[in-house]
Amino acid sequence: GAVVSQHPSWVICKSGTSVKIECRSLDFQATTMFWYRQFPKQSLMLMATSNEGSKATYEQGVEKDKFLINHASLTLSTLTVTSAHPEDSSFYICSARERIGGIYGYTFGSGTRLTVV
Amino acid sequence: ELKVEQNPLFLSMQEGKNYTIYCNYSTTSDRLYWYRQDPGKSLESLFVLLSNGAVKQEGRLMASLDTKARLSTLHITAAVHDLSATYFCAVGKMSDDKLIFGTGTRLQVFP
């Protein structure tokens with residue numbers, strides 16, 4: 001089945017620094033990927049839609065200058081948290097969409113736990 | 001705006017018992033997904049429901065969809081400890097194919 005690789009699994013960084021998270025579709029091409037964040041014991045909140053070769057579409061309330069998304073190839077999307085602050089600490093999950101037999105399937109990465117100190 | 005609600009939010013149940021988790025959504029959709037999440041882990045796909053009246057079963061879990069009522073259910077039969085996890089439903093938006101997640105149901109099965 002479809003596999004999405006997400007790296008790193010966890011990262012600790014200092015306030016004010018930037019962190020890049022990678023999301024790769026390993027055995028299929030994903031023109032569209034999605035980025036979510038999840039706070040402890042809460043649901044997944046959609047942050048943005050990443051489209052290959054074009055600018056990402058951000059959900060209302062998500063700062064596009066803080067959460068930079070790049071989808072430069074059909075298998076890779078990156079999320080960069082710029083000038084991270086403790087309130088950015090969260091679990092970030094990517095998802096890649098694949099169309100199989102007329103149905104959209106969504107495969108999720110393993111997630112990245114970001115802790116900003 | 002599409003909103004997805006689940007209930008209950010938390011469910012503690014004894015092994016061997018049956019229970020149902022409910023997922024309500026606010027606008028028309030043509031697909032609904034159920035996922036399982038273990039603590040600290042990502043999401044595992046359980047079911048994809050695409051049409052009114054669709055029913056799918058895998059082991060002790062059975063999911064159904066009523067598009068007219070905008071309601072999906074996840075039924076647990078004879079629960080076992082291994083089913084302890086958080087379960088999410090997610091609804092696909094017809095306008096742009098985004099997935100909007102429900103609030104989640106944290107299931108705890110005890111002996």
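Below, read A as the first sequence line, B as the second, and so on, with proteins coming before strands; counting in each chain starts at 1.
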| said: What part of A/L44 gets within 4.5 angstrom of chain B, counting heavy atoms only: side chain, backbone, both, or neither? | reply: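 Both backbone and side chain.
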| task | Please flag which part of A/E59 lies under 4.5 Å from any non-hydrogen atom of chain B: side chain, backbone, both or neither. | result |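 Just its side chain gets close to chain B.
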| Sequence neighbours excluded, which residues qualify as ring pair (Phe, Tyr, Trp, His ring centres under 6.0 Å) partners of B/Y33? |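 For B/Y33, the residues satisfying ring pair (Phe, Tyr, Trp, His ring centres under 6.0 Å) (neighbours in sequence not counted) are A/Y106.
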| said: Applying ring pair (Phe, Tyr, Trp, His ring centres under 6.0 Å), can you list everything that pairs with B/F101, at least two apart in sequence or on another chain? | reply: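 Scan of B/F101 (ring pair (Phe, Tyr, Trp, His ring centres under 6.0 Å), adjacent residues dropped) gives A/Y36, A/F108, B/Y35.
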| query | With only heavy atoms counted, which part of B/T103 is less than 4.5 Å from chain A, the side chain, the backbone, both or neither? | reply |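 Only the backbone of B/T103 comes within 4.5 Å of chain A.
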| query | At a heavy-atom separation under 4.5 Å, does B/L50 approach chain A through its side chain, its backbone, both, or neither? | reply |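 Looking at B/L50, just its side chain touches chain A.
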| task | Identify which of B/Q6, B/K41, B/Q37, B/R31 forms the greatest number of heavy-atom pairs closer than 4.5 Å to chain A. | result |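 Highest number of pairs under 4.5 Å: B/Q37.
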Same apolar cluster: [X] and [Y], side chain cutoff 4.5 Å:
| X | Y | value |
| --- | --- | --- |
| B/W34 | B/Y19 | yes |
| B/L107 | B/V80 | yes |
| A/I21 | A/L68 | no |
| A/L114 | A/F34 | no |

Rounded to the nearest 0.5 Å, what separation is found between the [atom1] atom of [X] and the [atom2] atom of [Y]?
| X | Y | atom1 | atom2 | answer |
| --- | --- | --- | --- | --- |
| A/M45 | B/I100 | CE | CD1 | 10.5 Å |
| A/Q60 | B/E1 | CD | CD | 7.5 Å |
| B/L99 | A/L46 | CG | CG | 8.5 Å |

| Is it true that atom OH of A/Y104 has more than 12 heavy atoms of other residues, nucleotides or ligands lying nearer than 6.0 Å? |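 More than 12 within 6.0 Å, yes.
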| So does A/K66 have more than 12 non-hydrogen atoms from other groups sitting under 6.0 Å from NZ? |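 Atom NZ in A/K66 is crowded, with more than 12 foreign heavy atoms closer than 6.0 Å.
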| said: Quick check against the 3.5 Å criterion: does B/S42 have a side-chain atom that pairs as donor or acceptor with the backbone of A/G111? | reply: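 Checked: no pair found.
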| query | Is A/S43 reaching over with its side chain to a backbone N or O of B/G102, donor-acceptor style, under 3.5 angstrom? | reply |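 Yes; judged by distance alone, with no hydrogens or angles, the pair exists.
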| field | Considering all heavy atoms, the nearest A/Q42-B/F88 contact | value |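 Taking A/Q42 first and B/F88 second, the nearest heavy atoms are O-CZ, 3.9 Å.
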| request: Grab the two heavy atoms, one from A/F91 and one from B/G40, that are nearest each other, plus how far apart they are. | output: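 In terms of heavy atoms, the two residues are closest at CZ-O, 4.0 Å.
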